Engineer: 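Handing you this structure, nothing more for now.
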2 protein chains.
Amino acid sequence: MPRIPTAERRDALIQAALRVVAQRGVTAATTRAIVAEAGMSLASFHYAFASHDELMAELIREVVKQEERSVTLPEPPAGATVRDVLRAGVQSYLDSMHADPQREKAMLELTHYALRTPAGEHLARMQYEHYYALASTALAAGAEATNVVWDRPVGEVARILIALTDGLTLAWLVNRDDAAAASLMDFAADAVAGLARPA
Amino acid sequence: MPRIPTAERRDALIQAALRVVAQRGVTAATTRAIVAEAGMSLASFHYAFASHDELMAELIREVVKQEERSVTLPEPPAGATVRDVLRAGVQSYLDSMHADPQREKAMLELTHYALRTPAGEHLARMQYEHYYALASTALAAGAEATNVVWDRPVGEVARILIALTDGLTLAWLVNRDDAAAASLMDFAADAVAGLARPA
DNA sequence: GTCTATAATGAGATAGAC
DNA sequence: GTCTATCTCATTATAGAC
């Protein structure tokens, strides 16, 4: 192995850890499994990280940052209602989960993992603060584009939307039932659209 | 240790395992931790169970059965609307989570654990079928008591309600924010009540 | 800086005495 | 049937050669 800056090595190990968690779950994400996935030696790991715990904490932080980038805000077509925009938004979320189901499973597992570790509760909270912030931005843009206003603080609507997508995610991961998911998404779009008033 | 029928021993180990998972998470639920919690020897474990995996599978089945018993259906007061009944129902669910947060955390962790194990996907699906069945019963009774009918099959409403409670559960476990939970429950009650029509 | 080799610990499972 | 003692293997972490 050539010499690699420590920062890059840390990043490579975090990405490898994320792949292991996605493919085989948190319990399988041992140090050895991670270095094997990264094609590194065990010692290289401990040169970059003091411990397995340190990497897991970094992994959760990293995963939140990645989520930030992956959110797309499609420009709504002219004449679209806020209900249409919401429906399209959750659909695009489901599509992304369809494309990589293991990834969303990994995100949820990492949240639960964080909730079990001493310093992790704070990390999980930060993770959700990011989700709420992203949803708030999207909801504000959606309202703006469709000429409506939310009847309560947008952050509150965001929490509702995130709770709905969490429920949708878990239901789909368990049942893999696209028809049931569509029914849930219809409900979610209707219900959240019900929180909007004409501007 | 006195001689205990194998069935009782299995049960005691399963209950011990559930306590360990609730208190310290699935990753901490090693065979040794479980027998320590149960006050048994390691050998007794393997007399009752062929393997650690077998116990975990049994644990998930057991946990579903327990959930069945824990659901209470309060008689709605005269004059209550279906919205009131729904609001009271999710409130009583949150209250039970308040009383034992670790328990709900454990349920979700076990679902994710099941989703990672080969035969477990089926167990997770059964777990959710139970949830849906319980919710369906409660929703049918609630509609009956308040003189309304659901505008779609009750099983579909049940899936919506379960998705909402899953989202609520995760949000509360992460944030421990009762005010936010109340806002979510208000939304859930309003939105689901919107699926009912006068009988 | 990177590797191989090797502690040191904890895991699941089993043997064999009683 | 139940226990103690042990086996075997996987794990985290480190030592020491290069």
Side-chain angles (χ1 to χ4, degrees), chain A residues 1-60 106 109-110 113-114 116-120, chain B residues 1-60 62 109-110 113-114 116-120:
Chain A
M1 261 300 202
R3 295 190 185 176
I4 296 175
T6 305
E8 278 180 36
R9 196 172 278 282
R10 283 172 68 97
D11 193 58
L13 283 164
I14 287 171
Q15 298 306 327
L18 182 54
R19 288 196 297 275
V20 173
V21 172
Q23 283 158 27
R24 293 157 52 202
V26 272
T27 61
T30 64
T31 308
R32 299 177 106 87
I34 292 164
V35 297
E37 172 71 28
M40 285 183 204
S41 75
L42 199 48
S44 297
F45 176 95
H46 284 289
Y47 186 80
F49 288 98
S51 70
H52 181 252
D53 281 358
E54 188 191 330
L55 173 129
M56 292 302 282
E58 268 317 305
L59 173 56
I60 292 165
E109 281 186 68
L110 284 172
Y113 181 88
R116 287 296 181 185
T117 180
Chain B
M1 259 304 200
R3 294 188 186 181
I4 297 175
T6 305
E8 278 181 36
R9 198 171 276 281
R10 284 172 67 98
D11 194 57
L13 283 164
I14 287 170
Q15 298 306 328
L18 182 54
R19 288 195 296 276
V20 173
V21 172
Q23 282 158 27
R24 293 157 53 202
V26 271
T27 61
T30 64
T31 307
R32 299 174 115 89
I34 293 165
V35 296
E37 172 71 27
M40 286 185 203
S41 74
L42 199 49
S44 297
F45 177 94
H46 284 289
Y47 187 81
F49 289 99
S51 70
H52 181 252
D53 281 359
E54 187 191 330
L55 174 128
M56 291 302 283
E58 271 315 306
L59 173 55
I60 292 165
E62 179 60 25
E109 280 187 68
L110 284 172
Y113 181 88
R116 287 295 182 185
T117 179

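Not measured: the values here are computed from a predicted model. Every chain is numbered from 1, with letters handed out A, B, ... down the list of sequences.
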Engineer: Can you tell me how far C1' of C/dG12 sits from CZ of B/F49, to the nearest Å?
Structural biologist: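 Going from B/F49 (CZ) to C/dG12 (C1'), I get 15 Å.
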Engineer: Using the closest heavy atom to pick a nucleotide of DNA chain D for each, name whichever of A/A43 or A/A29 lands nearer the 5' end.
Structural biologist: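 This one resolves to A/A29.
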Engineer: Any side-chain N or O of A/S41 below 4.0 angstrom from OP1/OP2 of C/dT2?
Structural biologist: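 Negative; the distance criterion is not met.
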Engineer: What is the distance, rounded to the nearest whole Å, between atom CZ of B/R32 and atom C1' of D/dT11?
Structural biologist: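 Roughly 13 Å, once rounded to whole Å.
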Engineer: How many whole angstroms separate atom CD1 of B/I34 from atom C1' of C/dA11?
Structural biologist: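 Atom CD1 in B/I34 sits about 12 Å away from atom C1' in C/dA11.
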Engineer: Search all heavy atoms of A/E37 against all heavy atoms of A/Q23 and return the closest pair with its distance.
Structural biologist: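 For A/E37 and A/Q23, the tightest heavy-atom pair comes out as OE1-OE1, 4.3 Å.
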Engineer: Can you work out whether A/H46 or B/P5 has the more 5'-proximal nearest nucleotide on DNA chain D?
Structural biologist: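 It is B/P5, whose closest nucleotide lies nearer the 5' terminus.
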Engineer: Report yes if the side chains of B/V21 and B/Y113 come closer than 4.5 Å at any heavy-atom pair, otherwise no.
Structural biologist: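 No. Closest side-chain heavy atoms not under 4.5 Å.
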Engineer: Tell me the interatomic distance from B/L42, atom CG, to C/dG16, atom C1', rounded to whole angstroms.
Structural biologist: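 After rounding, the reported distance stands at 15 Å.
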Engineer: OG1 of B/T117 to CG of B/D53: how many Å apart, nearest 0.5 Å?
Structural biologist: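 So the gap between those two atoms works out to 6.0 Å.
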Engineer: Regarding B/T6, tell me which of base, sugar-phosphate or nothing describes its non-hydrogen contacts under 4.0 Å with the strands shown.
Structural biologist: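 The residue B/T6 makes no contact with any strand.
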Engineer: May I ask you to verify if any side-chain N or O of B/S44 is less than 4.0 angstrom from the OP1 or OP2 atom of D/dC3?
Structural biologist: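 Yes, because at least one side-chain N or O of B/S44 sits under 4.0 Å from OP1 or OP2 of D/dC3.
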Engineer: Taking all atoms of both residues into account, what is the closest heavy-atom pair of B/S44 and B/R9, and its distance?
Structural biologist: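 Smallest heavy-atom distance, with atoms named: CB-NH1, 3.4 Å.
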Engineer: Rounded to the nearest Å, what distance is computed from the CZ atom of residue B/F45 to the P atom of nucleotide C/dT14?
Structural biologist: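 It is 11 Å, rounded to the nearest whole Å.
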Engineer: In terms of side-chain geometry, is the basic nitrogen of B/E62 or B/R10 positioned less than 4.0 Å from the acidic oxygen of its partner?
Structural biologist: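 B/R10 and B/E62: not salt-bridged.
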Engineer: If only side-chain N and O atoms of A/R9 are considered, is one of them under 4.0 Å from the OP1 or OP2 phosphate oxygen of C/dG1?
Structural biologist: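 No, no such contact exists.
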Engineer: Could you check how far NE2 of B/H52 sits from P of C/dG10, rounded to whole Å?
Structural biologist: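 It works out to 17 Å between those atoms.
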Engineer: Between B/Y47 (OH) and C/dA13 (P), how many Å, whole number?
Structural biologist: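 For the pair B/Y47 OH and C/dA13 P, the rounded distance is 18 Å.
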Engineer: Just how far, in rounded Å, is C1' of C/dG12 from CD of B/E54?
Structural biologist: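 For the pair B/E54 CD and C/dG12 C1', the rounded distance is 14 Å.
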